[in-house]
A.B. asks: 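So that we are looking at the same thing, I have put the structure below in structure tokens.
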Amino acid sequence: MAMAAVALVAALLFSVSSAFPSGGQLDPHFYDHSCPQAQQIVASIVGKAHYRDPRMAASLLRLHFHDCFVKGCDASILLDSSASVTSEKRSIPNKDSARGFEVVDEIKAALEAACPRTVSCADVLALAARDSTVVTGGPGWIVLLGRRDSLGASIQGSNNDIPAPNNTLPTIITKFKLQGLDIVDLIALLGSHTIGNARCTSFRQRLYNQTGNGLPDFTLDPAAAAILRPGCPRSGGGQNLFFLDHVTPFKFDNQYYKNLLLRQGLLSSDEVLLTGSPATAGLVKLYAANQGIFFQHFAQSMVKMGNVSPLTGGKGEIRSNCRRVNRN
């Protein structure tokens, strides 16, 4: 079913592909001759992983985000620590929360069996993000391909460049702008929080002491806060998981924005999209009212984000194992 979904997406969106710039040497047909079955392999394994674990789609989508915001979309997030690499998996945004690495391993093993040293881990992440969105009911898009894999990682970049749950709106806007992404991209891409979970530690301060005055966040609906507190106490329970969208947690839709309008965004960085500025609030209201526009903007912004500083040509390498650089 996952392979059929990708085929359908390609058929429906082929005419739209010309609207997307082919940044650098990226090309949707990059593997047409060298590994024509690549997209089918990725879609099939993502579909099976989603069937086994409904949380996995959000996890794979998040890996692509956290990869692209650090040194560009180069699969640096997948590297384990070694003598020459300090893994981004140890960073504050990723430690104890980034997951899906075993699914990436499974995809890469299948690709290596079919087309050795051909499909990059960075492209695996880009394809898996698209397929994870589709399998949960969201939009599809043509994935530009031809990224190569980094030879290193940046835990400092991971700690500094990925938007954090407690960042102010100006800080979030700045972090997106540094990647060449604008406010429309920001509001659309954070709509990925329509699926997935967040840990208690990511929003605990909103329930008890948002600004240091011992009071909860006034932008959080008191009834919603009361429901959250038993599972997220003042101390302990930091790893307890909560749905980012408590209404349709496994469906990719526009409910996330509807929740924001009800002051039921889970993270401070979610709700601030409504309360932080008229421009961002206007987009939240637009997407809450029109899922079709949200889907269109999300797809376009995912292509744009996937174009952030890719390694192409002779830069980087094609890893045979996504967890480590090749031994030449």
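This structure is a prediction, so every number in the text was calculated from the model and none was measured. For reference, positions follow the sequence shown, starting with 1.
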A.B. asks: Are Ser158 and Arg90 linked by a side-chain donor-acceptor pair shorter than 3.5 Å?
C.D. replies: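 Result is no, nothing qualifies.
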
A.B. asks: Report the distance from atom CG of Leu228 to atom SG of Cys200, rounding to the nearest 0.5 Å.
C.D. replies: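 Result: 9.0 Å between the selected atoms.
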
A.B. asks: Can you name the closest pair of heavy atoms from Ala110 and Ile41 and give their distance?
C.D. replies: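 What the structure gives for the nearest pair is CB-CG2, 3.7 Å.
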
A.B. asks: For residues Leu189 and Leu127: do they belong to one hydrophobic cluster (side chain heavy atoms under 4.5 Å, members Ile, Leu, Val, Met, Phe, Trp, Tyr)?
C.D. replies: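 Linked, Leu189 and Leu127 end up in one cluster.
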
A.B. asks: How long is the span from the NZ atom in Lys108 to the SG atom in Cys121, to the nearest 0.5 Å?
C.D. replies: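 Here the interatomic distance stands at 4.5 Å.
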
A.B. asks: Are Phe294 and Leu262 connected in the hydrophobic side-chain network, where two residues link if heavy atoms are under 4.5 Å apart?
C.D. replies: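 Each belongs to a different hydrophobic cluster.
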
A.B. asks: If we ignore angles and hydrogens, is there a donor and acceptor under 3.5 Å between the side chains of Thr174 and Thr171?
C.D. replies: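 Looking only at side-chain atoms, Thr171 and Thr174 do not form any donor-acceptor pair under 3.5 Å.
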
A.B. asks: Any salt bridge linking Asp182 with Lys177? Criterion: basic side-chain nitrogen under 4.0 Å from a carboxylate oxygen.
C.D. replies: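 No, this pair does not count.
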
A.B. asks: Are the side chain of Tyr257 and the backbone N or O of Gly191 linked by a donor-acceptor pair below 3.5 Å?
C.D. replies: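 Looks like yes, one N/O pair under 3.5 Å.
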
A.B. asks: Under a 4.5 Å cut-off applied to non-hydrogen side-chain atoms, are Val104 and Leu63 in contact?
C.D. replies: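 The answer is yes; the side chains approach within 4.5 Å.
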
A.B. asks: Measure the shortest side-chain to side-chain distance between Tyr51 and Met56 over non-hydrogen atoms and say whether it is less than 4.5 angstrom.
C.D. replies: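 Answer no - side chains too far apart.
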
A.B. asks: Out of curiosity, Ile318 CD1 to Asp149 CG, how far, rounded to the nearest 0.5 Å?
C.D. replies: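 The distance works out to 5.5 Å.
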
A.B. asks: Evaluate the salt bridge (Lys or Arg N to Asp or Glu O under 4.0 Å) criterion for residues Asp80 and Arg324: first the C-alpha distance (whole Å), next the side-chain angles of each, then the deciding distance (0.1 Å), finally the verdict.
C.D. replies: CA-CA 6 Å; Asp80 287 340; Arg324 59 176 181 263; over 6 Å; no

A.B. asks: Could you check whether Lys175 makes a cation-pi contact with Phe69, meaning its NZ or CZ is under 6.0 Å from the centre of the six-membered ring and within 45° of the ring axis?
C.D. replies: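 The answer is no, since Lys175 fails at least one limit relative to Phe69.
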
A.B. asks: If I compare all heavy atoms of Ser320 with all of Asn326, which pair ends up nearest, and what's the gap?
C.D. replies: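 Minimum heavy-atom contact is N-OD1, 3.0 Å.
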
A.B. asks: In this structure, which one of Asp123, Asp74, Asp67 forms a side chain to side chain donor-acceptor pair (under 3.5 Å) with Arg147?
C.D. replies: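 Among Asp123, Asp74, Asp67, the one that satisfies the side chain to side chain donor-acceptor pair (under 3.5 Å) with Arg147 is Asp123.
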
A.B. asks: Identify the heavy atoms of Leu260 and Gly265 that sit nearest to each other, and give their distance.
C.D. replies: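 Leu260 and Gly265 have their closest heavy atoms at CD2-CA, 3.6 Å.
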
A.B. asks: Would you mind telling me which of Phe203, Tyr256, Phe250 makes a ring pair (Phe, Tyr, Trp, His ring centres under 6.0 Å) with Phe243?
C.D. replies: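 For Phe243, the ring pair (Phe, Tyr, Trp, His ring centres under 6.0 Å) test succeeds with only one of Phe203, Tyr256, Phe250, which is Phe250.
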
A.B. asks: Is it the case that one hydrophobic cluster holds both Leu61 and Leu241, taking links as side-chain heavy atoms less than 4.5 Å apart, direct or via other members?
C.D. replies: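 No, separate clusters.
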
A.B. asks: Under the salt bridge (Lys or Arg N to Asp or Glu O under 4.0 Å) criterion, do Lys258 and Asp253 qualify, and how do the steps go?
C.D. replies: CA-CA 10 Å; Lys258 296 177 183 180; Asp253 55 19; over 6 Å; no

A.B. asks: Is it the case that atom CZ in Arg199 sees more than 12 heavy atoms from other parts of the structure closer than 6.0 Å?
C.D. replies: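 Yes, CZ of Arg199 has more than 12 neighbouring heavy atoms, counting only those of other groups under 6.0 Å.
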
A.B. asks: Quick one: CH2 on Trp141 to CE on Met302, what's the gap to the nearest 0.5 Å?
C.D. replies: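 Separation between the atoms: 4.0 Å.
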
A.B. asks: Indicate whether any N or O donor in one side chain lies under 3.5 Å from an N or O acceptor in the other, for His193 and Asp245.
C.D. replies: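 No - no donor-acceptor pair under 3.5 Å links their side chains.
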
A.B. asks: Which atom pair, heavy atoms only, marks the closest approach of Ala98 to Phe101?
C.D. replies: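 Scanning both residues, the minimum pair turns out to be O-CE1, 3.5 Å.
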
A.B. asks: Show the numbers, then the answer: is there a salt bridge (Lys or Arg N to Asp or Glu O under 4.0 Å) between Glu106 and Arg52?
C.D. replies: CA-CA 14 Å; Glu106 184 181 353; Arg52 294 192 302 263; 3.4 Å; yes

A.B. asks: Got a second to check how far Arg319's CZ is from Leu79's CG, nearest 0.5 Å?
C.D. replies: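 Between atom CZ of Arg319 and atom CG of Leu79 there are 3.5 Å.
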
A.B. asks: Would you name the heavy atoms of Val308 and Cys68 that are closest together and state the gap between them?
C.D. replies: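 Where Val308 meets Cys68 most closely, the heavy atoms are CG1-O, 3.7 Å.
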
A.B. asks: When Leu60 is tested against each of Val103, Thr133, Ile107 for side-chain contact (heavy atoms from CB on, under 4.5 Å), which residue passes?
C.D. replies: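 Considering Val103, Thr133, Ile107, a side-chain contact (heavy atoms from CB on, under 4.5 Å) with Leu60 is found only for Val103.
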
A.B. asks: Do Leu274 and Ile187 belong to the same hydrophobic cluster, where Ile, Leu, Val, Met, Phe, Trp and Tyr are linked whenever their side-chain heavy atoms lie under 4.5 Å apart, directly or via other members?
C.D. replies: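 They do share one cluster, since a chain of ILVMFWY contacts under 4.5 Å joins Leu274 to Ile187.
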
A.B. asks: Please check if any side-chain donor atom of Asn167 sits under 3.5 Å from a side-chain acceptor atom of Ser269, or the reverse.
C.D. replies: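 Ser269 and Asn167 do not have a side-chain donor-acceptor pair below 3.5 Å.
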
A.B. asks: Check whether any side-chain N or O of Asn159 sits under 3.5 Å from a backbone N or O of Ile92 as a donor-acceptor pair, and report yes or no.
C.D. replies: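 Confirmed, Asn159 side chain pairs with Ile92 backbone.
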
A.B. asks: Which one of Leu244, Val284, Asn259 satisfies the side-chain contact (heavy atoms from CB on, under 4.5 Å) criterion with Asp270?
C.D. replies: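 Of the listed residues Leu244, Val284, Asn259, the side-chain contact (heavy atoms from CB on, under 4.5 Å) partner of Asp270 is Leu244.
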
A.B. asks: Heavy atoms, side chains only, cut-off 4.5 Å: are His66 and Asn94 in contact?
C.D. replies: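 Yes; the side chains approach each other to less than 4.5 Å.
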
A.B. asks: Arg62 vs Ser97, test: side-chain hydrogen bond (donor to acceptor under 3.5 Å, both in side chains). Steps then yes/no.
C.D. replies: CA-CA 10 Å; Arg62 185 171 183 255; Ser97 64; 3.3 Å; yes

A.B. asks: Ignoring hydrogens and angles, state whether a donor on the side chain of Ser81 or Ser87 is under 3.5 Å from an acceptor on the partner side chain.
C.D. replies: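 Their side chains do not contain a donor-acceptor pair, so the 3.5 Å distance test is not met.
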
A.B. asks: How many angstroms lie between atom NZ of Lys315 and atom OG of Ser309, to the nearest 0.5 angstrom?
C.D. replies: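 One finds 9.0 Å between NZ of Lys315 and OG of Ser309.
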
A.B. asks: For residues Arg263 and Thr275, is any side-chain donor paired with an opposing acceptor at under 3.5 Å?
C.D. replies: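 No.
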
A.B. asks: Indicate the atoms forming the closest heavy-atom contact of Ala153 with Val85, along with that distance.
C.D. replies: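 Looking at all heavy atoms of both residues, the shortest contact is CB-CG1, 4.0 Å.
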
A.B. asks: What I want to check is whether the side chains of Ser154 and Glu88 have a donor and an acceptor closer together than 3.5 Å.
C.D. replies: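 Distance-only check fails for Ser154 and Glu88.
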
A.B. asks: Where the side chain of Ser44 meets the backbone of Val42, is there a donor-acceptor pair that is under 3.5 Å apart?
C.D. replies: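 Absent.
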
A.B. asks: Tell me whether Tyr31 shares a hydrophobic cluster with Leu311, the cluster being built from Ile, Leu, Val, Met, Phe, Trp, Tyr side chains joined at under 4.5 Å.
C.D. replies: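 No, because Tyr31 and Leu311 fall into different hydrophobic clusters, even though each may have its own neighbours under 4.5 Å.
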
A.B. asks: Could you tell me whether the side chains of Asn166 and Ser268 share a donor-acceptor contact shorter than 3.5 Å?
C.D. replies: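 No donor-acceptor contact under 3.5 Å links the two side chains.
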
